[in-house]
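One structure is given here, and the rest of the page talks about it.
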Amino acid sequence: MADGNRRHPPNLQGVLRLAVEAGAAADGPAPIEPMSEERKEWLRGALAVVCKGQMDEVEQMKQCLAILREDGMALREREGEDPADGDDEEDERETALEVLSELCENLDNARDLMTLGGLDMCVSDCLCHPQSGVRWRAAQLIASCAQNMPEVQCHLLAKGALLKLLHLTDSDTNPTVRVKALYAVSCLVREQEVGLQAFLSHDGFSVLMRGIQSENERLRTKSAFLLLNLLTAHPEHKETVLSMGMVQQLVSILRMPHSSFHEHVLGALCCLVEESPKGLRECMTPNLGLEELLKHRANDLQGKGEYQEELEFCELLMTACFRGHKPDDSGMDR
């Protein structure tokens, strides 16, 4: 096929791949000769398409931010009026946030959005927007940008994003907002020491406990999973969690009708007893009734492959607390 009829690859990697393939296809060493004008023209066109695509993404982000800025100014002008008056613009705002979330799956775009001031606007305006659809999409955007991006994480933490997200997780009236806000919290504190310290200073473990106790199944599951993850990665904070009466509260959760998130609750209890005499003593308290509860749960889960990990956590707790271990033991068999 002639160079002039070739389709331009969608990105720079595609251009380079074509160049490598062309070189590999040649038999023997290629003669050193000037590139033909036709070939030059084709390569210029391919590179122009790539660069235009990258530029288009920045322009798309700027357009989305213009929509959100206009909405922010309109909200301030309408302050004190019925929030429903702006419903006609709701889809446009939500679409802008969705487009930004999709674009910012590319880490370079996430960094560009931060430079353009988009994350600042998201924290200052969108997270406290009267429309729940804007709030949860803003939290989703923050999560997309922050995940595995220390530079963006630190910027968001400096802007006070974590406290706002914890507040939304704890008390927003919309269940989707609470779940998305917790997802963003997770992206700011997991494997991020600055974020973890801010989480501790804002009593984040209490927020997780209330999430586990909520009636929102998705929030329960994600709260329990984040608790398990943090205790596994940062066992040095288990004493803080134990001082909150977490053992008693987690066991009370296990007494509720069985749910798949109980696996994470049992995992968290395993973390709290490992190398912790205090955790062991609390789990072994006769009034708690944990031994009998674990026996019943293990019996119910036998033969159910989908609950294998939960069954293993039951066995670990039984071994740690009730199979020949004394209250002053400091370890947990594995």
Next item on the list: Go through the steps to decide whether Glu105 and Ser144 satisfy the test side chain to side chain donor-acceptor pair (under 3.5 Å), and finish with yes or no.
Entry: CA-CA 6 Å; Glu105 290 179 5; Ser144 297; 5.6 Å; no
Notebook entry, point to check: Stepwise, does the side chain to side chain contact (heavy atoms under 4.5 Å, CB included) test hold for Ile253 with Met209?
Noted result: CA-CA 10 Å; Ile253 294 294; Met209 190 65 250; 4.2 Å; yes
Next item on the list: Give the intermediate values and the outcome of side chain to side chain contact (heavy atoms under 4.5 Å, CB included) for residues Ile142 and Leu127.
Entry: CA-CA 10 Å; Ile142 287 173; Leu127 287 181; 3.7 Å; yes
Next item on the list: Start with the C-alpha distance between Leu107 and Asn148, add both sets of side-chain angles, then the distance that settles side chain to side chain contact (heavy atoms under 4.5 Å, CB included), and finish with yes or no.
Entry: CA-CA 9 Å; Leu107 301 184; Asn148 303 317; 5.7 Å; no
Margin query: Set out, in order, the CA-CA distance, both residues' side-chain angles and the distance that settles side chain to side chain contact (heavy atoms under 4.5 Å, CB included) for Leu141 and Leu113, then state yes or no.
Written below: CA-CA 10 Å; Leu141 175 57; Leu113 183 65; 4.0 Å; yes
Note to self: With ring-ring contact (aromatic ring centres under 6.0 Å, His included) as the criterion, how do Phe261 and Phe225 come out once you've worked through the C-alpha distance, each side chain's angles and the decisive distance to 0.1 Å?
What the structure shows: CA-CA 8 Å; Phe261 82 94; Phe225 180 77; over 10 Å; no
Next item on the list: Check the pair Thr115, Asp112 against side chain to side chain donor-acceptor pair (under 3.5 Å), reporting the backbone distance first and the verdict last.
Entry: CA-CA 5 Å; Thr115 302; Asp112 287 341; 5.1 Å; no
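Side-chain N or O atoms of Gln60 include none that pairs as donor or acceptor with a backbone N or O of Val99 at under 3.5 Å. Side-chain N or O atoms of Ser214 include one that pairs as donor or acceptor with a backbone N or O of Asn216 at under 3.5 Å. Panel note: side chain Lys238, backbone Ser276; no donor-acceptor pair is recorded below 3.5 Å. Side chain of Ser171 to backbone of Leu168: no donor-acceptor contact under 3.5 angstrom is found. With hydrogens and angles ignored, the 3.5 Å screen pairs a side-chain donor or acceptor of Ser201 with a backbone N or O of Ala198. A donor-acceptor pair under 3.5 Å is formed between the side chain of Arg137 and the backbone N or O of Gly133. Side-chain atoms of Thr169 come within 3.5 Å of backbone atoms of Leu182 as a donor-acceptor pair (strictly under, hydrogens ignored). Between the side chain of Glu239 and the main chain of Lys278, no donor-acceptor pair closer than 3.5 Å is present. At least one donor-acceptor pair closer than 3.5 Å links the side chain of Ser243 to the backbone N or O of Thr240. With hydrogens and angles ignored, the 3.5 Å screen pairs no side-chain donor or acceptor of Asp172 with any backbone N or O of Val177.
Side-chain contact between Leu272 and Leu250 is present, with at least one heavy-atom pair separated by less than 4.5 Å. Side chains of Val189 and Gln153 form no contact here, defined as non-hydrogen atoms less than 4.5 Å apart. Counting heavy atoms from C-beta on, the side chains of Glu292 and His296 come closer than 4.5 Å. Under the 4.5 Å side-chain criterion, counting only non-hydrogen atoms from C-beta, Arg323 is in contact with Glu315. Lys159 is listed as a side-chain neighbour of Asp120, based on a closest heavy-atom distance under 4.5 Å. Glu151 is listed as a side-chain neighbour of Met114, based on a closest heavy-atom distance under 4.5 Å. Counting heavy atoms from C-beta on, the side chains of Leu294 and Leu290 come closer than 4.5 Å. Side chains of Leu166 and Phe199 form a contact here, defined as non-hydrogen atoms less than 4.5 Å apart.
In the hydrophobic clustering of ILVMFWY residues, with side-chain heavy atoms under 4.5 Å counting as a link, Leu254 and Leu301 come out apart. Under the 4.5 Å side-chain heavy-atom criterion for ILVMFWY residues, a single connected hydrophobic cluster contains both Leu156 and Leu68. Note on Met284: it clusters hydrophobically with Leu242, by side-chain heavy-atom contacts below 4.5 Å among ILVMFWY residues. Side-chain heavy atoms closer than 4.5 Å link hydrophobic residues (I, L, V, M, F, W, Y) into clusters, and following such links, possibly through other members, connects Ile212 to Phe205. Criterion: ILVMFWY side-chain heavy atoms under 4.5 Å apart, direct or through other members. Under it, Leu165 and Met149 are part of a common hydrophobic cluster.
With ring centers used as reference points, Tyr307 lies 6.0 Å or more from His262.
Of all the heavy atoms in Cys104 and Met61, the pair that sits closest is SG-SD, 4.3 Å. The two atoms that bring Cys145 and Leu119 nearest to each other are SG-CD2, 3.9 Å, heavy atoms only. The nearest pair of heavy atoms linking Leu188 to Ala146 is CD2-CB, 3.9 Å. Residues Cys321 and Cys283 come closest through the heavy atom pair SG-CB, 3.8 Å. Nearest heavy-atom pair across Cys128 and Ser124 is SG-O, 3.2 Å. Between Val179 and Leu219, the shortest heavy-atom distance links the atoms CG2-N, 3.9 Å.
Remark: Gln249 CD to Gln213 CD distance equals 5.0 Å, nearest 0.5 Å. Rounding to the nearest 0.5 angstrom, the gap separating the NZ atom in Lys180 from the NZ atom in Lys222 is 7.5 Å.
Between Glu57 and Lys62, no side-chain nitrogen of the basic residue sits less than 4.0 Å from a carboxylate oxygen of the acidic one, so the salt-bridge criterion is not met. For the pair Arg297 and Asp300, the salt-bridge criterion is not met [side-chain N within less than 4.0 Å of a carboxylate O].
Among residues two or more places apart in sequence or in another chain, the ring pair (Phe, Tyr, Trp, His ring centres under 6.0 Å) test is passed with His237 by none. The side-chain hydrogen bond (donor to acceptor under 3.5 Å, both in side chains) search around Tyr183 returns Gln147, not counting sequence neighbours.
For His202, the NE2 atom counts as densely surrounded, since its 6.0 Å shell holds more than 12 non-hydrogen atoms of other residues, nucleotides or ligands. More than 12 heavy atoms of other residues, nucleotides or ligands lie within 6.0 Å of CD in Gln308, so this atom counts as buried by the packing criterion. When the shell of 6.0 Å around CD of Glu309 is examined, it contains 12 or fewer heavy atoms from other residues, nucleotides or ligands.
Between the side chains of His234 and Glu193, no donor N or O sits under 3.5 Å from an acceptor N or O. Counting only N and O atoms by type, the side chains of Asn229 and Arg190 include a donor and acceptor under 3.5 Å apart.
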